[in-house]
Amino acid sequence: MKVVGAALVMFACTLLGFRVARGYRERPKALRQLLQALIELQSEIEYHATPMPQALRAVGTRLGGWCGGWLVEMAKVLTEPAHAPEIALQSVSLASATNGSLQDADAEPFLRLLRSIAVADRDHLQQPFLAARADLEAAIQAAQEEANQGARLWQYLGALTGVFIVLLLL
């Protein structure tokens with residue numbers, strides 16, 4: 001009976017460690033999806049001359065998944081009168097859309113992009129997109145480095161915590 005209990009404790013702790021490690025691995029993937037959405041949004045706005053809310057909706061429906069849903073929800077909020085980009089991003093949480101893989105701070109490049117597009121003319125649209133793209137690429141690089149370190153750490157930590165608890169119980 002003790003062996004079964006010890007095995008269950010080991011399994012639960014190891015599983016918990018692997019679950020936290022999966023969160024570390026999902027963050028770079030989620031940021032890459034945001035980057036893809038940004039690239040598609042740029043082409044929609046620059047080449048098709050689509051207004052921002054319609055472009056967000058079009059890209060969101062094309063992408064689907066959590067990223068598409070987040071963009072469509074942001075477009076909905078932006079089409080309501082008197083909603084600034086800050087209010088749109090505050091009311092549409094990126095953390096809840098990704099089930100915690102990303103934080104709301106990861107949407108900062110989109111917020112700066114929305115703010116700068118609002119005042120940019122047609123000839124200067126490329127600069128805000130390039131800045132947002134560079135920010136997202138830097139965030140992806142940092143998240144990848146964090147995932148490489150954090151995922152392995154949490155896997156070991158989960159297993160070792162299980163061993164420690166089993167030793168305490170025996």
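The model shown is predicted, which means the values in this text are computed figures rather than measured ones. Just the heavy atoms: all of them, side chains too, but no hydrogens, waters or symmetry mates, feed the values below.
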query = Does the side chain of R27 reach to within under 4.5 Å of the side chain of Q144, using non-hydrogen atoms?
reply = no
query = Taking atom CZ of R32 and atom CG of L35, what is their separation to the nearest 0.5 Å?
reply = 9.5 Å
ask   = Do the side chains of F129 and E46 get nearer than 4.5 Å, heavy atoms only?
value = yes
query = Judged by modelled atom types alone, do E40 and Q36 share a side-chain donor-acceptor pair under 3.5 Å?
reply = yes
query = Should I165 and L167 be regarded as members of a common hydrophobic cluster, given that ILVMFWY residues are connected when their side-chain heavy atoms come within less than 4.5 Å of each other, either directly or indirectly?
reply = yes
query = Is L38 close to P109 at the side-chain level, that is, under 4.5 Å between some pair of heavy atoms?
reply = no
ask   = CG/L15 to CG/L8 distance, rounded to the nearest 0.5 angstrom?
value = 11.5 Å
remark   = Interatomic distance, CD@E44 vs CD@Q54, rounded to 0.5 Å, equals 10.0 Å
task = Take I140 and L34, measure what side chain to side chain contact (heavy atoms under 4.5 Å, CB included) needs, and give me the verdict at the end.
result = CA-CA 10 Å; I140 289 169; L34 275 181; over 6 Å; no
query = What distance do K2 atom NZ and L170 atom CG have between them, rounded to the nearest 0.5 Å?
reply = 6.5 Å
request  = Return the minimal non-hydrogen interatomic distance between L31 and A139, and the atom names on each side.
outcome  = CD1-O, 3.6 Å
message = In the structure I gave you, are the side-chain heavy atoms of L153 and Q149 within less than 4.5 Å of one another anywhere?
response = no
inquiry  = side chain to side chain contact (heavy atoms under 4.5 Å, CB included) for L56 and V72? Distances and angles first, verdict last.
reply    = CA-CA 6 Å; L56 286 169; V72 168; over 6 Å; no
request  = Check L71 against A37 and note the closest heavy-atom contact, atom names and distance.
outcome  = CD1-CB, 3.7 Å
note = Hits for salt bridge (Lys or Arg N to Asp or Glu O under 4.0 Å) against R22, two or more places apart or cross-chain, chain-then-number order -> E26
query = Is there side-chain contact between D135 and E108, with heavy atoms separated by less than 4.5 Å?
reply = no
request  = Evaluate whether atom CZ of R19 has more than 12 neighbouring non-hydrogen atoms of other residues, nucleotides or ligands under 6.0 angstrom away.
outcome  = no
query = Which atom names give the shortest non-hydrogen contact between A151 and A21, and what distance separates them?
reply = O-CB, 3.4 Å
ask   = Got W154 and L16 here, is their nearest side-chain heavy-atom distance under 4.5 Å?
value = no
ask   = If two hydrophobic side chains count as joined below 4.5 Å and joins carry through other members, does V77 share a cluster with L113?
value = yes
inquiry  = Using 0.5 Å steps for rounding, measure from the OG1 atom of T161 to the CE atom of M10.
reply    = 9.5 Å
request  = Heavy atoms only: give me the nearest P28-A147 pair and the separation to one decimal.
outcome  = CG-CB, 4.1 Å
request  = Is it possible for you to say whether V3 and L169 belong to one hydrophobic cluster, with membership spreading through side-chain heavy-atom contacts below 4.5 Å?
outcome  = no
key: Check ion pair E73-R57 (N to O, under 4.0 angstrom)   = no
task = Please report the C-alpha distance between E146 and R25 in whole Å, then the side-chain angles of each, then the deciding distance to 0.1 Å, and finally whether the salt bridge (charged side-chain N to carboxylate O under 4.0 Å, His left out) criterion is met.
result = CA-CA 9 Å; E146 186 178 325; R25 288 191 189 105; over 6 Å; no
query = Can you tell me how far CD1 of I39 sits from CZ of R133, rounded to the nearest 0.5 angstrom?
reply = 4.0 Å
